[in-house]
Amino acid sequence: MTSLDRISPLLDRFRVRTHLFHTGPLCGVTTFDARAGRGFLHVLRRGEMEMEHPRVGGHVEKRRIDRPSLLFYPRPLDHAFHNAPDEDSDFACATLDFDGGPGHPLVRTLPPVIVLPLDAVGTLAPALELLFAEIDNVRCGHRVLADRLFEVVLIQLFRWMLDHPDEVGLPTGLLTGLTDERLARTLVALHESPGQPWTLATMAREARMSRSAFAARFKALVGQSPAEYLTDWRVTVAQSRLRAGDSVGRTAAALGYANPPAFTRAFTQRVGCSPRAWLATGSGEGGSHAGGDMMTAGRASAIR
């Protein structure tokens, strides 16, 4: 892969805010509750535990973790950690608040849970060393800096996943498209300039491929046709702009639509209601950034 920056155009438009809310041991059963737009990033520094979370169909998935690991829950999902009732565990836990909630382009292309041993992701070591130094030595600005360092850890994790898609088991979607050097050139261009008058020909030219080869490879790796992806991306950006207070007219013009009615038709086809109706339902409201109330501890606690 060339030096193409595949992540910055996404995170520039759709921020992820991290908030450190726990450091130290966890004993007994600790539950972490789901909330819209909220994810979790846990670092098990020392100790062993069993993690569990519900799966589709009402089943509960359980997994034993016996080495220092990173546990990433990108989407809202109730989960619990079972630790022996002693001090032999050490965690650093942060909440992740994604702009756009479940519509965040990275969130919706990830599996529900990612578990990685820390020694398997060598590029995380420098960021984790700085994070642990801030956690272990409380100084001025410690909590703010720890929050920022968790963002660094998350970005390093995204980098690693793009370079090791098979080890993560990425489903078909945006990230698998970004792992392909030719498709990545087009995807980055779409992310940076969604309002350009894109056609299949100009998208294929960006990837330096024929139209037929480009369309087939895009569909296979991203799971949508190029035109469908472009429309979805424009609607995602439109939701962000509308949420921030932009008008329908300005949003339509910025995203390359000939007029507001054309934009409204595209938006309605994808979302199921007009932009104004979408805003009126409260769908454009952002989530809370509080973190401490998301964790409850006690041996009697359990996932509902």
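On a predicted model such as this, the values are computed, not experimentally measured, just so you know.
At a threshold of 4.5 Å between non-hydrogen side-chain atoms, the residues Phe81 and Leu44 do not count as touching. A 4.5 Å side-chain heavy-atom check between Val248 and Phe263 finds at least one atom pair inside the cut-off. Looking at Trp233 and Pro105, their side chains come closer than 4.5 Å, going by heavy atoms from C-beta outward. Here the side chains of Phe32 and His42 are in contact, with some heavy-atom distance below 4.5 Å. Glu134 is not listed as a side-chain neighbour of Leu20, based on a closest heavy-atom distance of 4.5 Å or more. Residues Tyr229 and Leu174 are in side-chain contact: their nearest non-hydrogen atoms beyond the backbone lie under 4.5 Å apart. Counting heavy atoms from C-beta outward, Leu124 and Leu116 have side chains that stay 4.5 Å or more apart.
No cation-pi contact links Arg182 to Phe214, judged by a cut-off of 6.0 Å to the six-membered ring centre and 45° from its axis.
When only modelled atom types and interatomic distance are considered, Arg45 and Ser69 share no side-chain donor-acceptor pair under 3.5 Å. Side-chain contact annotation: Tyr73 with His53, donor-acceptor N/O pair under 3.5 Å present.
At a threshold of 4.0 Å, the pair Arg15-Asp97 does not count as salt-bridged, since none of the basic side-chain nitrogens sits closer than that to a carboxylate oxygen. Ionic pairing of Asp99 and Arg17 is present here: one or more N-O contacts between side-chain nitrogen and carboxylate oxygen are shorter than 4.0 angstrom. A salt bridge is defined here as a Lys NZ or Arg NE, NH1 or NH2 lying under 4.0 Å from an Asp or Glu carboxylate O, and Asp163 with Arg6 meets this definition. Between Glu206 and Arg185 there is no salt bridge, since none of the side-chain N atoms of the basic residue sits less than 4.0 Å from a carboxylate O of the acidic one. Ion pairing of Arg63 with Glu50 is absent here, as no side-chain N (NZ or NE/NH1/NH2) approaches a carboxylate O to less than 4.0 Å.
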Discussion item. Could you walk me through whether Thr236 and Arg108 satisfy the side chain to side chain donor-acceptor pair (under 3.5 Å) test, starting with their C-alpha distance in whole Å, then the side-chain angles of each, then the deciding distance to 0.1 Å, before giving a yes or no?
Written reply: CA-CA 12 Å; Thr236 299; Arg108 64 193 186 199; 3.0 Å; yes
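Of all heavy-atom pairs spanning Pro74 and Val107, the tightest one is O-CG1, 3.7 Å. Residues Arg234 and Pro194 approach most closely at NE-O, 2.7 Å, considering heavy atoms. Across all non-hydrogen atoms, the minimal contact from Ala238 to Leu255 is CB-CD1, 3.5 Å.
One N or O on the side chain of His191 and one on the backbone of Leu187 form a donor-acceptor pair closer than 3.5 Å.
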